[in-house]
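Contents: one structure, followed by commentary.
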Amino acid sequence: MNESWVTVVGNAATRPDFWETAAGVAVARFRLAATVRRWDRGRDAWADAYTSFYTVWTWRSLAANVAGSVSLGEPLVVHGTLRVREREWERGRPLQGDGEREGGGAGAPPAPGGDPGGGAHQPRRWVTAEIDALAVGHDLTRGTSAFRRVSQAKPLLNTPTRATSP
């Protein structure tokens with residue numbers, strides 16, 4: 001496998017969107033903003049440089065936990081596989097190879113700088129960086145967090161009775 005594993009530290013740029021697929025698999029998606037900071041010797045202070053934005057995809061129990069734990073603006077650490085994809089959009093609809101995850105079609109947003117209306121435009125192309133997250137957590141260098149373990153309800157296979165218990 002030649003996947004690119006990354007760990008990105010940043011802030012939640014959007015609230016997580018949560019839904020379940022037709023097969024019942026939980027999915028959550030949010031945007032992560034990671035701003036590079038540089039030491040400015042002239043001002044003797046830290047200064048913000050550029051900001052990179054990532055779409056973070058989470059699945060199953062991680063998706064449910066992200067939806068219940070992450071809020072807009074919170075500092076996060078995200079670990080997962082990086083996927084960089086070229087997108088193409090024409091008049092409010094994705095072209096071939098796009099919209100695989102979102103389902104494509106009318107519910108998808110227009111391309112950045114695109115015209116959602118009926119103007120005569122050339123197809124828009126841009127590059128998007130996505131992370132399929134394996135782990136998401138709060139960045140504890142910038143605050144505190146209280147962990148709550150989520151327990152899944154599991155049926156008891158062996159229910160102890162007075163006859164089998166000492």
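Other residues, nucleotides and ligands contribute over 12 non-hydrogen atoms within 6.0 Å of the CZ atom of Arg37. Counting heavy-atom neighbours within 6.0 Å of Arg142 CZ, excluding the residue itself, gives a total above 12.
Annotation for Tyr50 and Arg38: closest pair CE2-NH2, 4.2 Å, computed over non-hydrogen atoms. Here the closest heavy-atom approach between residue Val9 and residue Ala34 is recorded as O-CB, 3.5 Å. Nearest heavy-atom pair, Ala12 versus Leu76, reported as atom, atom and distance to 0.1 Å: CB-CD1, 3.9 Å. Among all heavy-atom pairs drawn from Pro75 and Asn11, the shortest one is CA-OD1, 3.3 Å. Contact between Ala133 and Val56 at its shortest, heavy atoms only, is CB-CG1, 3.8 Å. In plain terms, the two heavy atoms of Ala63 and Ala28 that are nearest each other are CB-N, 3.4 Å.
By the rule that hydrophobic residues join a cluster once side-chain heavy atoms approach within less than 4.5 Å of another member, Trp19 and Val25 end up as members of one cluster. Both Val127 and Val8 sit in one connected hydrophobic cluster of ILVMFWY residues. Membership requires side-chain heavy atoms under 4.5 Å apart, directly or through other members. Note on Val78 and Leu62: same hydrophobic cluster, where clusters join Ile, Leu, Val, Met, Phe, Trp and Tyr whose side-chain heavy atoms are under 4.5 Å apart, directly or indirectly. Note on Phe147 and Leu140: separate hydrophobic clusters, where clusters join Ile, Leu, Val, Met, Phe, Trp and Tyr whose side-chain heavy atoms are under 4.5 Å apart, directly or indirectly. Hydrophobic clustering (ILVMFWY, side-chain heavy atoms < 4.5 Å, transitive): Val66 and Leu82 are in one cluster.
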CA sep, side-chain torsions, deciding dist, call: Arg125, Glu86, side chain to side chain contact (heavy atoms under 4.5 Å, CB included): CA-CA 7 Å; Arg125 291 181 183 205; Glu86 185 175 340; 3.6 Å; yes
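Checking side-chain atoms of Thr14 against main-chain N and O of Phe30 turns up no donor-acceptor pair under 3.5 Å. Of the possible polar contacts, one joining the His79 side chain to the Val6 backbone as a donor-acceptor pair under 3.5 Å is found.
Under the 4.0 Å criterion applied to side-chain N and carboxylate O atoms, Glu88 and Arg124 are not assigned as salt-bridge partners.
Here CZ of Phe18 is found 8.5 Å from OG1 of Thr58. Values are rounded to the nearest 0.5 Å. The distance from the NE2 atom of His138 to the OG atom of Ser69 is 6.5 Å, given to the nearest 0.5 Å. Note that CD of Glu20 is 12.0 Å distant from CZ of Arg60, once rounded to the nearest 0.5 Å. In this structure, CD on Glu74 lies 11.5 Å from CG on Asp139, to the nearest 0.5 angstrom. Rounding to the nearest 0.5 Å gives a distance of 4.0 Å between OG1 of Thr81 and CG of Asp132. Rounding to the nearest 0.5 angstrom, the gap separating the CG atom in Leu134 from the OG1 atom in Thr7 is 9.5 Å.
Counting only heavy atoms from C-beta outward, the side chains of Asp44 and Trp39 approach each other to under 4.5 Å. For the pair Trp57 and Glu130, the minimum side-chain heavy-atom distance is below 4.5 Å. Side-chain contact between Thr128 and Val84: absent, with no pair of heavy atoms (C-beta onward) separated by less than 4.5 Å.
For the residue pair Thr55/Arg31, the side-chain donor-acceptor check at 3.5 Å is satisfied.
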